[in-house]
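Sequence lines set the chain letters: A, B, ... in the order given, protein chains first and strands last, and positions in each chain run from 1. We use all heavy atoms of the structure for the numbers below, so side chains are in, but hydrogens, waters and symmetry mates are not. Keep in mind it's a predicted model, so treat the numbers as computed, not measured.
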Protein chains: 2
Amino acid sequence: MNKKVPTKAAGRPRSFDAGKALDRAVEVFWRKGYEGASLSDLTKAMGINRPSLYAAFGDKDKLFRKVLDRYAEGPASYSSAALEEPTSRSVVERLLYGTADLLTSPGNPHGCLLVQGALACGNAADSARKELVSRRMAGEAALRQRLNQARMDGDLPPEANPASLARYIVTLIQGMSVQAAGGTTRSELYRVIGIAMQSWPSSGRIV
Amino acid sequence: MNKKVPTKAAGRPRSFDAGKALDRAVEVFWRKGYEGASLSDLTKAMGINRPSLYAAFGDKDKLFRKVLDRYAEGPASYSSAALEEPTSRSVVERLLYGTADLLTSPGNPHGCLLVQGALACGNAADSARKELVSRRMAGEAALRQRLNQARMDGDLPPEANPASLARYIVTLIQGMSVQAAGGTTRSELYRVIGIAMQSWPSSGRIV
DNA sequence: TAGGTTTTGTACCGATGAGTATTAAACTAT
DNA sequence: ATAGTTTAATACTCATCGGTACAAAACCTA
C-alpha cells in the first residue's frame, strides 16, 4: 500500500548519488581494467570514502559486476538495440558502426570494457576475467540467434552459417577494441568495416 | 683477438640457463599479462631467486622487453616470415592461419602476448602498455609496406588501399586473440578466416 | 693458498593492495 | 528530548607488491 513513496527510510541519509558514483566507477574500470583499478582510484573518482563504497556496492568484485550491468544498459546499449533492426545486414552494420563510435567517442576510454576489463590477469582478478568471457560469449550467442532467425526468414541464404558469421562479426568488434586502445581513429575503423562487410552474404557471395 | 671463446669469465658461474629461464618468463607474462605476473610468479616459474633475476635481466620492465623480443623470435616468428611469401594473398593467409595456430596451440596460453600483455592497466604498467602499442603498430606498418609493394608489383589492383587492408587484417588478428582467450577453437577460427578472406581483392571485389 | 670477482640464498625494505573496526554525525520515530 | 538506525570519516589491519642489503659460496688468477 505505502510502497510508491518509500517512506523516507530511517538513519542518516546517503550523501552521494549512487548512480553517479557508479558511472564514475564505470569509467575507472573501463580505462584501467579490473586489476589496474585500485580502490584508491575508485573512491577518489567516485568522491566517496572506502567504507561507503563497501556499504553501497559490496567488495571490488561485486562493484565490478554492477559496473558491467551499468555499462550494458548505458554506453553499450546500442548493442542489444541493434539486434532489433529489420534485416541481418542492418543488424550487423549498426553493430559495427555503433561499436566504432563507442570505441572512439571523446570523453570515454578508447576500447570496450568487456575486452579491456581483463584479458590476462593474476589470480585475484580471475573471477572478473571469467565473468567477462561469459558476457562476451552471451553477446555472441545473441547475435548468432538473430542471424539464425534471419536465415529462417530468408533474410540470409540457406547455405549461410550463422554461427560462423556471428563469430566473424564479434571477432571484428573485439579486434576494433584493441585497435582503438592503440589509437586508431573512427574513420580508420569505418574503412575496416567497409572492407569487412564485403564478406557479408547477399551482397554477392555466401558462406 | 681472444673473443670467440669468452675465456670463461671469472666469478661464481651462473647456476641456471638464462635462455630457459627467459622462456619460462615468456610463458608467465603471456598467460597473466604484465600486471598480473608478480615477481614471485616469475621467479617461481623460472626456478631462480629474486636477486638472480635482477642481476640477469634487470627490473620487471626490462625483463618484459626481453620477453617480447624472445616472443618475436620464437613463437611469433611466423609473423615476419609470412611477409616473404610471394603473393599478397599468401602473405595474408599465412599470417592469419599462422596466428590461429599459435593462438590455439596446446601448451601455450591461448592468446597473443602483444595483446594479452597489457591492454588497460594501472599506472605502474603503463610503460609496458605503451611498448605493446608500439610493437603492434610496428607489425601493422610492416604488413602495410608489404601490401604497398604488392600493389606496385601489380599483385594488388591499383584501387586497393594497402593501409586499410593491413588494418583490416591486423584487426582480425587481434580479434582472434581475444576470441582465443575466451576459448574459441582452432577450427572455429579457421572458419572466421574463411569468411574474412572473401573480402580480399582479386578474388572478385576490391576496395 | 690467498685475493679478487661474481652468483646465490635469506631476510629484509618501504609502498601499496583490499578490506574493516570504531566512533562521530545525521537522520526518523516515539 | 531520547532512543534507534544508518552513513561518514579516520585510522587501522594483514598480505603482497617490486626491489635490495648482506653475507656465504663457488669460481678464476696468481
In whole angstroms, how far is the P atom of dC17(D) from the CG atom of L63(B)?
16 Å
Classify A125(A) by what it touches in the nucleic acid, base, sugar-phosphate, or nothing, heavy-atom distance under 4.0 Å.
nothing
Please pick, from dA18(C), dA8(D), dC17(D), the nucleotide with the shortest atom-to-atom distance to any side-chain atom of S38(B).
dC17(D)
To the nearest angstrom, how far is N49(B) atom CG from dA21(D) atom P?
17 Å
Nearest whole angstrom, please: distance from the C1' of dT16(D) to the CG of N123(A).
12 Å
Indicate whether OP1 or OP2 belonging to dT7(C) is found under 4.0 Å from a side-chain N or O atom of S52(B).
no
Integer-rounded Å distance: dA18(C) P and Y34(A) OH
8 Å
F57(A), Y34(A), Y71(A) screened by ring pair (Phe, Tyr, Trp, His ring centres under 6.0 Å) with F64(A), the one that passes
Y34(A)
Nearest 0.5 Å please: distance from the OH atom of Y78(A) over to the OH atom of Y97(A).
14.0 Å
Can you tell me if S15(B) touches the phosphate of dA26(D), counting only side-chain N or O atoms and a distance under 4.0 Å to OP1 or OP2?
no
L39(A) has its side chain closest, among dG19(D), dG19(C), dT20(D), to dG19(C)
The side chain of R12(B) lies closest to which of these nucleotides: dA8(D), dA24(D), dG17(C)?
dA24(D)
Tell me the closest heavy-atom pair linking R191(A) and S164(B), and the distance in Å.
CD-OG, 3.3 Å
Nearest-angstrom distance from the residue atom CG of D59(A) to P of dG17(C):
17 Å
Between K62(A) (NZ) and dG19(C) (C1'), how many Å, whole number?
12 Å
Nearest nucleotide by nearest heavy atom, which residue falls closer to the 5' end of DNA chain D, R50(A) or F16(A)?
F16(A)
Want to settle it: does G11(B) or R14(B) sit nearer the 5' end of DNA chain C, counting the closest nucleotide to each?
G11(B)
d(NZ, K60(B); P, dA15(C)) in whole Å
19 Å
Side chains of L102(B) and N108(B) in contact at under 4.5 Å (non-hydrogen atoms)
yes
Considering only dT20(D), dG17(C), dC27(D), which nucleotide approaches the side chain of P13(B) most closely?
dC27(D)
Check: S88(B)/R151(B) side-chain N/O donor and acceptor closer than 3.5 Å:
no
Out of dT20(C), dT10(C), dG18(D), which has the shortest distance to the side chain of Y54(B)?
dG18(D)
Mind calculating the distance between CZ (F64(B)) and P (dG19(D)) to the nearest angstrom?
14 Å
